[in-house]
Structure formats: structure tokens, C-alpha cells
2 protein chains.
Amino acid sequence: MRPREFDHDEVLRVAFDQFWRKGVRGTSLSDIARDAAVQRGSLYNAFGSKEALFLQAYERYAGDYLAALQKALGVGSLRKRLTAFFDLTITNFRSGTPPRGCPTTRGLMELGAAEGEGLDENARQAFASLISRIIALVQDALAAGAARGEFDGNPAAAALHIVTMTRGLAVLERAFGDEPQLRKIAAHTIDLVLGRKGG
Amino acid sequence: MRPREFDHDEVLRVAFDQFWRKGVRGTSLSDIARDAAVQRGSLYNAFGSKEALFLQAYERYAGDYLAALQKALGVGSLRKRLTAFFDLTITNFRSGTPPRGCPTTRGLMELGAAEGEGLDENARQAFASLISRIIALVQDALAAGAARGEFDGNPAAAALHIVTMTRGLAVLERAFGDEPQLRKIAAHTIDLVLGRKGG
DNA sequence: AAAGTATTTGACACGACGTCAAGAACATGA
DNA sequence: TCATGTTCTTGACGTCGTGTCAAATACTTT
């Protein structure tokens, strides 16, 4: 068989960079083809469709991001862990120039509420899966903290609350672009969940 | 001059319905023209562009929605007010079949991070403006509640927290479509802000 | 009734997604 | 070494989206 003339992973990187900056709907395969120095038709041959290409690129991102979160949530006191968690989250939203926002949140809100779109459903599951895993990670950290007496409450409910807040932060980031505000909200949330003072 | 052959407000209603269901990028002016029984060119003549049409339709929605929130936030104890606020918010996300989600959150995440897009900036301001007004409304309710001894905390910080949560709920709604879950998170948030027991 | 003005209408240019057939490049077997 | 077959690449095509334009149209005003 004839070998690929392009680097599969390189294309995924270039594609996700564009998707992250401009959204799935706002990115054309021509854009990706140009930046990756690949013929547009080759992308269709290799990936099948824009959504399929996005899905592959997103899975790679999701894996990396989840690993980073897990690391952040594994060191120090519960308060330190949650602080590192929010830090990483906000830093992720604010990365790039101009800041690119949260690809998961953006992707979720880009989904069509239309009926027949099967690829949309795959994407929805990918987004939902990452969020579910993040909730599980936070819940584990809270449960461990509770066992150590650093937290008094329902880990499941608190984890859901915290991760819902991070989604809200992603939205406010787009609305106001005010990073100090985001960090204040995050700090306030940690105070609220752990009980203002100690932790 | 020649009079319009279509009802300006009717077009706005039809257009916003489509924008709400399918997003701005996912809605074509042909769709709107068909549903409104108006020639596509007439829409361009009357509104100038899709984004401009969206902006007009959105302003109408924002006004109505804000008025409803204000009403919900004006009756009963602080706990009742916040409950009504979250109720209305979630009911709004879940309205339609299938549920349409939150148009503001969706619109915000649809924005291009691109450079030159001026209409995007107008839309961003419209979204941000509605969110700011909602924050102000919630903050007023909290301040009034504090004056009555129903709340002990920083109204500004708590209002920001609460509204950030509603944005997060809008995202989770798209991810999981689980309305009971949304209502649980909302109840938990009220408990957290008011202090689990009384209020 | 005539003139003027805004609206309507259809054609056009451009770009995006996705498909297809033909050409090109390589591995394998003789 | 050469023929064969399979995959990748390339360019053309169809369809649909946005936005523009000129010509036709319908009303108001003088």
C-alpha cells in the first residue's frame, strides 16, 4: 500500500489547535489542511469527516487534560488540592493568545439540538465522559479529605457542585474575559465547600 | 415608500426560535426565511446580516427573561426567592421539545476567538450585559435578605457564585440532559449559600 | 397622474462540506 | 527486474450557506 505522506499526530495537533481557537463549526477543513500542509481530500480519506477528526483530536486532549487534573488533585491538603484543581482549570481556559476558553464547554454548547445528527451524539458522549471523569476525580479527593477530617459533607454533592462551577467559570470567561474575577470566584467556592476558615 | 410585506416582530420570534433550537451558526437565513414566509433577500434588506438579526431577536428575549427573573426574585423569603430563581432558570433551559438549553450560554460559547469579527463583539456584549444584570438582581435579593437577617455573607460574592452556578447548570444540561440532577445541584447550592439549615 | 423611495426578487460570487474518479506511490510476488 | 494490487493523493464536482447587486415592484406623496 501507499504510505501516508503526513504525520497523523501532527494533523491531530494542528486540528485541535484550530478547533480550540475557533470552535468546531468555525473551523473549516481547508484551514486545517492549509496549516498542516495536507490536501483536504487526504483528511477526508484518513478521518472520514470533520466531526470524526475532531473526536480523535479531542480524545487526545481529554486524556492529557485528565492526567494533569489527576496530578493536581493528588498533592497536599484538600484545600491545596482543590486550589490546584481550580488553578489548572482556569489556566487552561486562559491559555493561548487570545485566550481560547474551554474546548469541552464550547463543544457542548455547539451541539445541535437537531434530531438526526449522529456524530453530534458521539461528541456529546465524549464531552460528558470527560466531565464525569473529572467529577469522579474531585469526588475521590473530597472523600479522601473527609477521611482525614478535612471535609465534612457529601463528597458526591460537593464534587458535582465544584465541577458545575468550573463549567460556569468557562462561560464567564467568554463573557467577561476577567481572569482575576474567575480566580476570586474559585477561591470563594473553595471557602464555601470547605467551610470558610480551616479546611 | 413601499411598505414591508412581513411583520417585523413575527420574524424576530421565528428567528429566535430557530436560533434557540439550533444555535446561531447552525441556523441559516434560508431556514428563517422559509419558516417566516419571507424572502431571504428581504431579511438582508431589513436586518443587514444574520448576526444583526440575531441581536435584535436576542434583545427581545433578554428583556422578557430579565423581567421574569426579577419577578421571581421579588416574592417571599430569601430562600423562596432563590428557589424560584433557580426554578425559572432550569425551566428555561429545559423548555421546548427537545429541550433547547440556554441561549445565552450557547451564544457565548459560539463566539469566535478570531480577531476581526466586530459583530461577535456586539453579541458578546449583549450576552455579558444580560449576565451582569442577572448578577445585580440576585445581589439585590441577597442584600435585602441580609438586611432582614436571612443571609450572612458577602452579597456580591454570593451573587457571582450563584449566577456562575446557573451557567454551569446550562452546560451540564447539554452534557447529561438530566433535569433532576440540575435541580439537586441547585438545591445544594442554595443550602451552601444560605447555610444548610434555616435561611 | 407622476415621481420618488423603499422593498422585493432573482442572479451572482465566494467559501464550506462531502463525494468521486482518476492518477500516483509503494509493497509484494514472480 | 517487473507486474500487480492496494492505498493515498489530487482535482473536479454538487450542494448549501452567506452576502451583494441590479432590476422589477408597490406604495406614498406632491
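Letters go in sequence order (proteins before strands), and every chain restarts at 1.
- Between A:Glu5 atom CD and C:dC26 atom P the separation is 8 Å, expressed in whole Å.
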If you look only at distance, which donor and acceptor atoms sit under 3.5 Å apart when one is on a side chain in residues 26-36 of chain A and the other is two or more places apart or in another chain?
{"unit_1": "A:Thr27", "atom_1": "OG1", "unit_2": "A:Gln18", "atom_2": "O", "d": "3.2"}
{"unit_1": "A:Thr27", "atom_1": "OG1", "unit_2": "A:Gly23", "atom_2": "O", "d": "2.7"}
{"unit_1": "A:Ser28", "atom_1": "OG", "unit_2": "A:Ser30", "atom_2": "N", "d": "3.3"}
{"unit_1": "A:Ser28", "atom_1": "OG", "unit_2": "A:Asp31", "atom_2": "N", "d": "3.0"}
{"unit_1": "A:Ser28", "atom_1": "OG", "unit_2": "A:Asp31", "atom_2": "OD1", "d": "3.4"}
{"unit_1": "A:Ser28", "atom_1": "OG", "unit_2": "A:Asp31", "atom_2": "OD2", "d": "3.3"}
{"unit_1": "A:Asp31", "atom_1": "OD1", "unit_2": "A:Arg34", "atom_2": "NH2", "d": "2.9"}
{"unit_1": "A:Asp31", "atom_1": "OD2", "unit_2": "A:Lys22", "atom_2": "NZ", "d": "2.9"}
{"unit_1": "A:Asp31", "atom_1": "OD2", "unit_2": "A:Ser28", "atom_2": "N", "d": "3.3"}
{"unit_1": "A:Asp35", "atom_1": "OD2", "unit_2": "A:Gln18", "atom_2": "NE2", "d": "2.8"}

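- Sorted pairs that involve residues 22-46 of chain A and meet ring pair (Phe, Tyr, Trp, His ring centres under 6.0 Å), not counting sequence neighbours, are lacking altogether.
- Closest to the A:Glu51 side chain, of the nucleotides D:dT18, C:dG18, D:dG19, is C:dG18.
- Atoms CG (A:Asp7) and P (D:dC8) sit 15 Å apart, rounded to a whole Å.
- Here D:dT25 presents its P atom at 17 Å from CG of B:Asn45, a figure rounded to the nearest Å.
- Atom CD of A:Gln70 has 12 or fewer neighbouring heavy atoms from other residues, nucleotides or ligands inside a 6.0 Å radius.
- Here the side chain of B:Pro3 is nearest to one of C:dT8, D:dG19, D:dC27, namely D:dC27.
- Pairs of residues two or more places apart, or lying in two chains, that qualify as side chain to side chain donor-acceptor pair (under 3.5 Å) and include a residue from residues 159-168 of chain A are A:Thr105-A:Arg167, A:His161-B:His161, A:His161-B:Thr189.
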Stepwise ring pair (Phe, Tyr, Trp, His ring centres under 6.0 Å) check, B:Phe86 with B:His188: CA-CA 11 Å; B:Phe86 274 110; B:His188 180 258; over 10 Å; no
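- For A:Tyr61, the ring-ring contact (aromatic ring centres under 6.0 Å, His included) test picks out A:Phe16, A:Trp20, A:Tyr58, A:Tyr65, with sequence neighbours left out.
- More than 12 heavy atoms of other residues, nucleotides or ligands shown are found within 6.0 angstrom of CD on B:Gln56.
- Less than 4.0 Å separates DNA chain C from at least one heavy atom of each of the following residues of residues 31-44 of chain B: B:Gln39, B:Gly41, B:Ser42.
- Among the heavy atoms of the strands, none lies under 4.0 Å from B:Phe47.
- Here D:dC16 presents its P atom at 16 Å from NZ of B:Lys50, a figure rounded to the nearest Å.
- Exactly one residue among A:Arg81, A:Arg79, A:Lys80 makes a side chain to side chain contact (heavy atoms under 4.5 Å, CB included) with A:Thr83. That residue is A:Arg79.
- The distance from atom CZ of A:Arg4 to atom P of D:dT10 is 13 Å, rounded to the nearest whole Å.
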Could you list, one pair per line, each protein nitrogen or oxygen that sits under 3.5 Å from a nitrogen or oxygen of nucleotides 22-24 of chain C, together with the distance?
{"unit_1": "C:dG23", "atom_1": "N2", "unit_2": "A:Arg2", "atom_2": "NH1", "d": "3.2"}
{"unit_1": "C:dA24", "atom_1": "N3", "unit_2": "A:Arg2", "atom_2": "NH1", "d": "2.8"}

Assess whether side chain to side chain contact (heavy atoms under 4.5 Å, CB included) is satisfied between B:Asn45 and B:Gln39, documenting all intermediate values. CA-CA 10 Å; B:Asn45 176 64; B:Gln39 211 63 21; over 6 Å; no
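- Remark: C1' of C:dC14 and CG of B:Leu29 are 16 Å apart, rounded to the nearest angstrom.
- Whole-Å rounding puts the B:Arg25 CZ to C:dC17 C1' distance at 15 Å.
- Atom CE of B:Met1 and atom C1' of C:dT7 are 12 Å apart (whole Å).
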